[in-house]
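Only one structure is covered here, and it is reproduced in the block below.
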Amino acid sequence: MGRFGIVYHHRSAACRDYAQLLADHLHLMGHLRHALPVTDASAHELVYDDAVVLFSPVTLGRIHGAALVQAVAPYRPCGVAAVNDGAFPNGVLGLFSLEVRANSEFFSLPRTTPDRAAVLPVARWLTGLAPAP
C-alpha cells in the first residue's frame, strides 16, 4: 500500500477536480492519500509520503507550488501536472533543478472538463511506485 500526497492550486477549479479524481482513484485501489491546497502543504509533512503530485495551472511561466516540489523531490518522487492546454511548457522545466527533474515526472492535463481518463497516467505512475495493497 502506498501513501501519496496530492497538492493542488486551490483557486483553480480544474486543479481541485483533478486532485479529487486522483484521490478517489487511489482510494479505490487501496492506497492511502491526502489532498491539500498548496497553501496548506508543507515539505516537512510531504516528505513522509511515498510520492507527491502537484496540480497547478501555468500562469505567466510559473507553477504555483514549484518551491514545494524543489524541497521534496530530492527525497521523494514528485509528479508535476500542469493544468493547461497543450504539451508541458518547456520554459517551466527551467524552474526545477536537474536533480529535481531527474526524480520527477511531468504531466500536462487539459483545463476543460477534468475527467478520470485524463488523470489515469498520473495514477499509473503513482501506483507503479508502490507495492500493491
Side-chain angles (χ1 to χ4, degrees):
M1 173 180 0
R3 177 181 161 86
F4 304 116
I6 303 167
V7 181
Y8 59 93
H9 183 60
H10 69 284
R11 292 186 182 166
S12 166
C15 290
R16 285 192 309 268
D17 292 346
Y18 279 124
Q20 188 61 53
L21 286 167
L22 180 60
D24 292 346
H25 180 78
L26 293 173
H27 176 71
L28 290 174
M29 300 296 293
H31 296 285
L32 299 175
R33 77 280 175 259
H34 58 104
L36 300 165
V38 73
T39 54
D40 296 341
S42 163
H44 299 291
E45 295 172 41
L46 296 172
V47 79
Y48 294 107
D49 293 325
D50 295 323
V52 175
V53 174
L54 169 68
F55 291 97
S56 178
V58 178
T59 308
L60 300 172
R62 299 266 189 241
I63 289 190
H64 192 67
L68 187 67
V69 172
Q70 280 285 117
V72 174
Y75 307 101
R76 296 288 181 262
C78 286
V80 178
V83 179
N84 67 328
D85 297 319
F88 196 90
N90 286 332
V92 173
L93 289 176
L95 297 172
F96 304 101
S97 69
L98 292 176
E99 179 184 21
V100 169
R101 282 187 261 175
N103 202 29
S104 300
E105 286 290 320
F106 296 91
F107 304 92
S108 184
L109 303 174
R111 279 183 221 254
T112 57
T113 318
D115 64 6
R116 188 169 179 255
V119 83
L120 283 178
V122 181
R124 279 193 294 269
W125 172 75
L126 275 175
T127 56
L129 297 173

How long is the span from the [atom1] atom in [X] to the [atom2] atom in [Y], to the nearest 0.5 Å?
{"X": "C15", "Y": "H64", "atom1": "SG", "atom2": "NE2", "value": "10.0 Å"}
{"X": "L98", "Y": "N103", "atom1": "CG", "atom2": "CG", "value": "13.0 Å"}
{"X": "R116", "Y": "L22", "atom1": "CZ", "atom2": "CG", "value": "10.5 Å"}

Is [Y] close to [X] at the side-chain level, that is, under 4.5 Å between some pair of heavy atoms?
{"X": "V119", "Y": "F55", "answer": "yes"}
{"X": "M29", "Y": "H31", "answer": "yes"}
{"X": "F106", "Y": "V92", "answer": "no"}

So which atom in [X] and which in [Y] form the shortest heavy-atom distance, rounded to 0.1 Å?
{"X": "L54", "Y": "I63", "value": "CD2-CG2, 3.8 Å"}
{"X": "W125", "Y": "V53", "value": "CZ3-CG2, 4.0 Å"}
{"X": "Y18", "Y": "P110", "value": "OH-O, 2.7 Å"}
{"X": "P37", "Y": "V7", "value": "C-CG1, 4.3 Å"}
{"X": "R111", "Y": "V58", "value": "NH2-O, 4.2 Å"}
{"X": "Y48", "Y": "H44", "value": "CE1-O, 3.2 Å"}

Under the 3.5 angstrom rule, does the side chain of [X] hit a backbone N or O of [Y] as a donor-acceptor pair?
{"X": "D50", "Y": "R3", "value": "yes"}
{"X": "S56", "Y": "H9", "value": "no"}
{"X": "R101", "Y": "F96", "value": "yes"}

message = Quick check on the hydrophobic clustering: are L120 and I6 connected, directly or via other members, by side-chain heavy-atom contacts under 4.5 Å?
response = no
inquiry  = For H25, give me all partners under ring-ring contact (aromatic ring centres under 6.0 Å, His included), at least two apart in sequence or on another chain.
reply    =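 Here no residue qualifies.
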request  = Mind running side-chain contact (heavy atoms from CB on, under 4.5 Å) on L36 and E45 for me, showing each step along the way?
outcome  = CA-CA 11 Å; L36 300 165; E45 295 172 41; 4.2 Å; yes
message = For Q20 and D24, which I'm curious about, is there any donor-acceptor pair between the side chains at under 3.5 Å?
response =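 Checked: Q20/D24 side chains pair up, N/O donor to acceptor below 3.5 Å.
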Scan the side chains in residues 66-83 for donor-acceptor partners under 3.5 Å anywhere in the protein, sequence neighbours excluded, and list what turns up.
| residue | atom | partner | partner atom | Å |
| --- | --- | --- | --- | --- |
| Q70 | OE1 | S97 | N | 3.0 |
| R76 | NE | V47 | O | 2.9 |
| R76 | NE | D49 | O | 2.9 |
| R76 | NH2 | V47 | O | 3.2 |

message = Using side-chain contact (heavy atoms from CB on, under 4.5 Å), reason through L46 and H34 one step at a time and then give a plain yes or no.
response = CA-CA 10 Å; L46 296 172; H34 58 104; 3.9 Å; yes
